[in-house]
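Heads up, the thing below is written out as C-alpha cells.
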Amino acid sequence: MTDRDEPETYVDLDELRAAKAALRRPMRERRAEIAAAAPDAGSRVAALVAASFAPAGGTVVAGYWPMRDELDPRPTLSELSARGCRIALPVVAAPGEPLVFRAWDEDEPLEPGPYGTMQPGEAADVVEPQLLLIPMLAFDRAGRRLGYGGGFYDRTLAGLRGRFAVQAIGIAYAGQEVDSVPAGPEDARLDGVVTERAYLDFTE
Ligand SMILES: Nc1nc2c(c(=O)[nH]1)N(C=O)[C@@H](CNc1ccc(C(=O)N[C@@H](CCC(=O)O)C(=O)O)cc1)CN2
Ligand SMILES: Nc1ncnc2c1ncn2[C@@H]1O[C@H](COP(=O)(O)OP(=O)(O)OP(=O)(O)O)[C@@H](O)[C@H]1O
C-alpha cells in the first residue's frame, strides 16, 4: 500500500494549523537558498513538461505569476502556448473563495492583485482550467502540498474536481520535497510534481 492510499491526517485542526505554520518558515528559507543556486530551473521544468506530459492543443492550462522564490513557470507557459494550449492565471476573488482563472497571452499586461500577486485585468475571459500548474513551499511523495495558508488551491481543486477531471501538477524545486507534509481532510492532493530534475507521477 502506498502513502497515497493511507495518508496520515490530523484530526485536531489547531494542531494541523500549527504544524503547517512551523513548516512554512524553514521551507521559505530553504526555497530561497535553492532558487539562488538554480537559475535555469524554469527552462529545465519546461523541457521536462514537454517531454513527459505535454497536454493536447486546446487544453486550458492555469499557471501562476511567480512571487518570492517560486520556481518560474513562464518558460513552461510559453512552451505550452506554442503547442496550442490556452494559458490562464489565477485571480483571488475574495478570501475564503476559490480562485478564478482569467485567460492570458504572454504579451498582455497584468495588474497588481491581493497578497502581492499579478493578475490579468477584468477584460480577460474567465476560463476553467483542465490542467493546473501549482506553486508551493513544500510537497511530499503522497502528493500533499504546503502553500502560503490561504487554502485557495484546496478550495479551487475541490470545486473543479466536483464537476470534471482536472490534473493538478505542482511546480517546485527538488529540494522542496519533505518526508511528510501535515495534511487534513480538506487538503487537495497533487497528481504529480515537476522539479528541475524530474517529473514525479503520484497517480501510478
Ligand atoms: N505566484 C502565486 N500566485 C498565486 C498564489 C501563489 O501561491 N503563488 N496563490 C496561492 O494561493 C493565490 C494567491 N494567494 C496567496 C495567499 C497568500 C499569500 C501570502 O503571501 N500570504 C502571507 C500571509 C498573509 C496573511 O496571513 O495575511 C504570507 O505567506 O506571508 C500569497 C498569495 C493565487 N495566486
Ligand atoms: N475545500 C475547502 N473548503 C473550505 N475551506 C477550505 C478548503 N480547503 C482548505 N480550506 C481552508 O483553508 C485554510 C488554509 O488551508 P491551508 O493551510 O491548507 O492552505 P495552503 O494550501 O497552504 O494555501 P494555498 O492553497 O492558498 O496556497 C484552512 O483554514 C482550511 O480549513
Side-chain angles (χ1 to χ4, degrees), residues 17 20 24 27-28 31 35 41-42 45-46 49 53-139 143-173 176 186-194:
R17 219 169 283 134
K20 285 183 176 180
R24 280 191 187 101
M27 291 311 297
R28 272 187 198 242
R31 191 179 63 181
V45 165
V49 167
F53 72 94
T59 305
V60 180
V61 180
Y64 56 91
W65 189 261
M67 54 193 290
R68 305 195 178 114
D69 303 296
E70 289 170 351
L71 202 161
D72 190 350
R74 290 172 294 186
T76 302
L77 300 180
S78 294
E79 172 75 29
L80 295 181
S81 175
R83 288 167 179 253
C85 293
R86 189 170 195 200
I87 307 303
L89 292 178
V91 172
V92 174
E97 297 269 318
L99 296 166
V100 170
F101 296 92
R102 291 189 187 147
W104 175 70
D105 277 324
E106 57 188 330
D107 48 355
E108 288 168 358
L110 296 172
E111 299 174 352
Y115 307 105
T117 57
M118 294 297 289
Q119 59 189 39
E122 280 187 5
D125 289 347
V126 171
V127 295
E128 294 204 297
Q130 292 123 12
L131 168 63
L132 290 88
L133 303 178
I134 303 181
M136 68 189 80
L137 285 167
F139 69 94
R144 292 177 288 210
R145 157 188 178 278
L146 183 72
Y148 297 133
F152 287 106
Y153 279 104
D154 298 317
R155 278 187 298 271
T156 303
L157 287 171
L160 293 173
R161 282 173 170 159
R163 288 180 297 124
F164 54 89
V166 300
Q167 214 185 347
I169 304 291
I171 304 284
Y173 295 99
Q176 290 177 254
E186 286 185 325
D187 284 291
R189 302 289 197 93
L190 299 169
D191 298 300
V193 168
V194 190

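These numbers come from the heavy atoms of this one structure, side chains and all, not from hydrogens, waters or symmetry mates.
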So ring-ring contact (aromatic ring centres under 6.0 Å, His included) across residues 71-92, not counting sequence neighbours, yields none
Pairs where residues 150-173 contributes a residue and the test ring-ring contact (aromatic ring centres under 6.0 Å, His included) is met, not counting sequence neighbours:
Tyr115-Phe152
Partner residues of Ala62 under the side chain to side chain contact (heavy atoms under 4.5 Å, CB included) criterion, sequence neighbours left out:
Phe101, Pro129, Leu132
Side chain to side chain donor-acceptor pair (under 3.5 Å) partners of Ser81, counting only residues at least two apart:
none
Closest heavy-atom contact between [X] and [Y]?
| X | Y | value |
| --- | --- | --- |
| Met136 | Gly170 | CE-CA, 3.3 Å |
| Gly63 | Leu89 | C-CD2, 3.9 Å |
| Glu106 | Ser78 | OE1-OG, 2.6 Å |
| Ile134 | Ala168 | CD1-CB, 4.0 Å |
| Val45 | Val194 | CG1-CG1, 3.8 Å |
| Val166 | Asp191 | O-OD2, 3.6 Å |

With a cut-off of 3.5 Å and sequence neighbours excluded, list every side-chain donor-acceptor pair involving residues 69-76.
from  : atom 1 : to     : atom 2 : distance (Å)
Glu70 : OE1    : Met67  : N      : 3.0
Glu70 : OE2    : Tyr148 : OH     : 2.8
Asp72 : OD1    : Arg74  : N      : 2.9
Asp72 : OD1    : Arg74  : NE     : 2.9
Asp72 : OD2    : Arg74  : NE     : 3.3
Asp72 : OD2    : Arg74  : NH2    : 3.0
Thr76 : OG1    : Ala46  : N      : 3.4

Supply the atom-to-atom distance [X] [atom1] to [Y] [atom2], rounded to the nearest 0.5 angstrom.
| X | Y | atom1 | atom2 | answer |
| --- | --- | --- | --- | --- |
| Ile169 | Phe53 | CD1 | CZ | 4.5 Å |
| Leu190 | Gln167 | CG | CD | 11.0 Å |
| Arg31 | Arg68 | CZ | CZ | 7.5 Å |
| Asp154 | Asp187 | CG | CG | 4.5 Å |
| Arg144 | Arg189 | CZ | CZ | 5.5 Å |
| Trp65 | Thr117 | CH2 | OG1 | 12.0 Å |

Using only atom types and a distance under 3.5 Å, with no angle test, would you say the side chain of [X] pairs donor to acceptor with the backbone of [Y]?
| X | Y | result |
| --- | --- | --- |
| Arg24 | Gly147 | yes |
| Gln130 | Val60 | yes |
| Gln176 | Leu137 | yes |
| Arg145 | Pro135 | yes |

Taking only residues at least two apart or on different chains, which pairs with a member in residues 115-125 satisfy salt bridge (Lys or Arg N to Asp or Glu O under 4.0 Å)?
Arg86-Asp125
Could you note down all residue pairs passing salt bridge (Lys or Arg N to Asp or Glu O under 4.0 Å) where residues 93-105 supplies at least one of them, sequence neighbours left out?
none
Between Pro120 and Glu111, is any pair of side-chain heavy atoms under 4.5 Å apart?
no
Heavy-atom check, side chain of Val91 versus side chain of Val126, under 4.5 Å:
no
Taking only residues two or more places apart in sequence, or in another chain, which ones meet [X] in a salt bridge (Lys or Arg N to Asp or Glu O under 4.0 Å)?
| X | value |
| --- | --- |
| Glu186 | none |
| Arg17 | Asp14 |
| Arg83 | Glu79 |

